Structure formats: structure tokens, C-alpha cells
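Being a predicted model, the structure only gives us computed values, none of them experimental.
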Amino acid sequence: MSLHKIKDFDPDYETHFGDRDVKGYSLYAGDEKVGSVDDILVDDAGKIRYLIVNTGVWILGKKVLLPIGRTRINFSDRHVDVDSLTREQVKSLPTYDGAIPVDFEHEEQVRGVYRRPRAQGNRQDSRTLEDSRNLENSRNLENSRNLENSGNLENSAALEYDRNSFAYDRDPDLYTSDDQNHQELRLYEERLIANKRRDKTGEVIVDKHSETQQARVSVPIDKERVVIERSTPTNSAIDPNQASFQEGEVARIEVYEETPDIHKEAFVREQVTVRKQIDHETVNAEESLRREQLDVDTEGHPNVNRDATNRDAVNRAARSNSDRERNAAGRRAP
């Protein structure tokens, strides 16, 4: 299973963590500050597996991996406590190089340093061991198990799994942080998110084509023609001396006629403008939203911090408890 820096796994992880992002927290072993948290490594499922610790206070410039199960996070004071971490342990841990992915061998070296000793073939619960051993004995035990002397432990572990069969639930004391000091409830609520997207619903193609039709036109024209009329005068006698006979006398008359001039001309019959316009409308939607509320039930008179986040729930629980006590007192009265 691969490991990822939390920012690479989820670029918006800070919005989910709120004010509980441990990056930058100080690291304490007992009362001594031994370094700070540089980053967080998560697996492919997004579960936190390691804190990347800068041990500049002890060993300048060295970064190592700290399994999340070995930590106790104090969000109010913004620091991380680690049990029984010694300088010898840090020296035995392989250096973390962010440019090189963490492989199985690297994790095995880390687990070999942090694992608790086994009793009767079974790994003891970390909290049981911590209760039975004081800090000095634990340090002596950790000092005796450095990287070079962890071969027997790794050989016995190799009998149980290899790089293909290993799962983090095999080491719950290294990778589980759900102890009494880290119990949390997440209250969820649903929100109605209204977005809109632009979808193509169709396409309009505007084109033109030519149509052919027969057209008829009538043009009136005029043609001139010469009309020759002959007639006999009723009194045609004249004096012969007055008669003038001339040869070659000609009468000229110009004759005209109109001819049709028919041709085609192109002109703009109609102008078409194509454009888009947006019609605005409002779409209403209605959904049922769920929201979780915190219910606190108390027994006796515990000291409960009634902060702004759960004041109403605590008040309701306190009133309910007070009513139960008054009813019980009424039943006991003679």
C-alpha cells in the first residue's frame, strides 16, 4: 500500500481538519521538546499512518517517521506527546527523504524500532505494557533494541507476513489512535448546494438555397408602317401650261419600330439577421435536509464544560437528570 503526503492525497484537507491540523505542532518526549511535526503520511484509503517528524532539537536536519499510534495529540496546547522516545531510537530510525517514496523495507525498519516486546508469542497491548513498566525500564528496553539488533524480531515477523500480505491492522498499537484521550464525535448535517451547468440542448443551422421559377413579362411595343393611299380628284382638270412633269421626284418617310429589351437584374429581396438571446427563469427545488445534534446524558453531578458548541444539549441533559433525581426523591419520601 502506498503512502502519500496528506496535501497530495487531498489538496483541500485543511477544510476538513479545521483547527486540528497537527502540521507545525511541537513534539515532546516527556517534558522535553524533541522536534516538530513537518507533515502527515496517509495510506491509499486516506487513513493517517505516520507523522513526519523533524528532530532538529536532537539530531540536526534529520527527519524520521513516527507511527500515529505512538502519539497523544494535545490540540488545545498544539503539541504532540510521544511515549518513551529516546535519542538512541531516533539515531536507529532510517532518515525520511521526501523525494523517495517510502517502501516496505523502510516501514519495516521503522516498525522494528517502535514495536513493543512480545510475551508468550503474542504482542502485548501497548497500554498494558506502559502501565507495567516505568519510564526508566522502558528506555532501557528501547535502547537495547536498535536497528542492528532487531534482526530476530524482523525474522519472526517475516514468518507472519511479507510485503504482499502485510496490513496495518497487524500492528494496532502502532497505527491505532482511538484511545481514551482521542475520542471524537463528528456531527454531520446536509446542505442543499445549488449550482448550474451549461448543457447543449440543440443546434440551429441557417442556410440559403436557390430556387428556379419561370417568369413571364409583357412589353407593349410600337411599329411604324407606311400607308399609301390612292384617290381620284373630282376636279382634276388643270391648265397644261401649269403642269410640271419632273422625273426622279422622291418622297422620303422614316419608319421606326420598338424592339423589346428584356434582361435579368439581381436585387436584395429580404435581409435576415440571426442572433441569440437569453431568457432568464428561476428553477425552485425543495429537499429534506438532515442535521445531527449532540445529546449528552449525565449520571450524578459530573463536571461538564458547557462551551458554545454543546451548551444546549448539556442543559437539556442536566434538566433531564435533575427531573429524574426529583422524581426519585419523591418516591423515597414517606
With side chains defined as the heavy atoms from C-beta onward, is the minimum distance between [X] and [Y] less than 4.5 Å?
X	Y	result
D38	Y96	no
K47	V42	no
V272	K208	no
R111	F166	yes
D21	I6	no
I40	L51	yes
E265	H263	yes
L65	P67	no

Which atom pair, heavy atoms only, marks the closest approach of [X] to [Y]?
X	Y	result
V22	V37	O-CB, 3.6 Å
Q277	D279	NE2-OD1, 3.6 Å
P220	S218	CD-O, 3.9 Å
V64	V90	CG1-O, 4.3 Å
A29	V34	CB-CG1, 3.9 Å
P94	Q109	CB-OE1, 3.8 Å

[atom2] on [Y] to [atom1] on [X], rounded to 0.5 Å:
X	Y	atom1	atom2	result
T71	L85	OG1	CG	11.5 Å
K5	K23	NZ	NZ	8.0 Å
D39	Y50	CG	OH	15.0 Å
I100	D97	CD1	CG	4.5 Å
L66	Q89	CG	CD	9.5 Å
D173	R115	CG	CZ	8.5 Å

A quick test of your reading: do over 12 heavy atoms of other residues, nucleotides or ligands sit less than 6.0 Å from [atom1] of [X]?
X	atom1	answer
K62	NZ	yes
I221	CD1	yes
K33	NZ	no

> Hey, are E88 and K91 close enough for a salt bridge, meaning a charged N less than 4.0 Å from a carboxylate O?
Replying inline: no

> Do the charged groups of R225 and E257 touch, with an N to O distance under 4.0 Å?
Replying inline: no

Return yes if some donor-acceptor pair links the side-chain N/O of [X] with the main-chain N/O of [Y] below 3.5 Å, else return no.
X	Y	result
S26	H79	no
R70	Y114	yes
N74	D77	yes

>> Could you check whether E32 and W58, counting side-chain N and O atoms only, form a donor-acceptor pair closer than 3.5 Å?
In response: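 Indeed, the side chains of W58 and E32 share at least one donor-acceptor pair under 3.5 Å.
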
Name the atoms and distances for all side-chain donor-acceptor pairs under 3.5 Å in residues 191-202, with sequence neighbours left out.
{"residue": "R197", "atom": "NE", "partner": "D199", "partner atom": "OD1", "Å": "3.3"}
{"residue": "R197", "atom": "NE", "partner": "D199", "partner atom": "OD2", "Å": "2.9"}

>> Under 4.5 Å between side-chain heavy atoms, counting indirect links through other Ile/Leu/Val/Met/Phe/Trp/Tyr residues: same cluster for I52 and I48 or not?
In response: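 Yes; tracing contacts between hydrophobic side chains, which count when under 4.5 Å, links both residues.
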
> Who passes salt bridge (Lys or Arg N to Asp or Glu O under 4.0 Å) against E105, sequence neighbours left out?
Replying inline: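 With neighbours one apart ignored, the set is R163.
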
>> Can you tell me which residue among F75, Y28, Y25 is in a side-chain contact (heavy atoms from CB on, under 4.5 Å) with V80?
In response: Y25

>> Please give the remaining members of the hydrophobic cluster of V226, linking ILVMFWY side chains under 4.5 Å, ordered by chain and number.
In response: I228, I253, V255

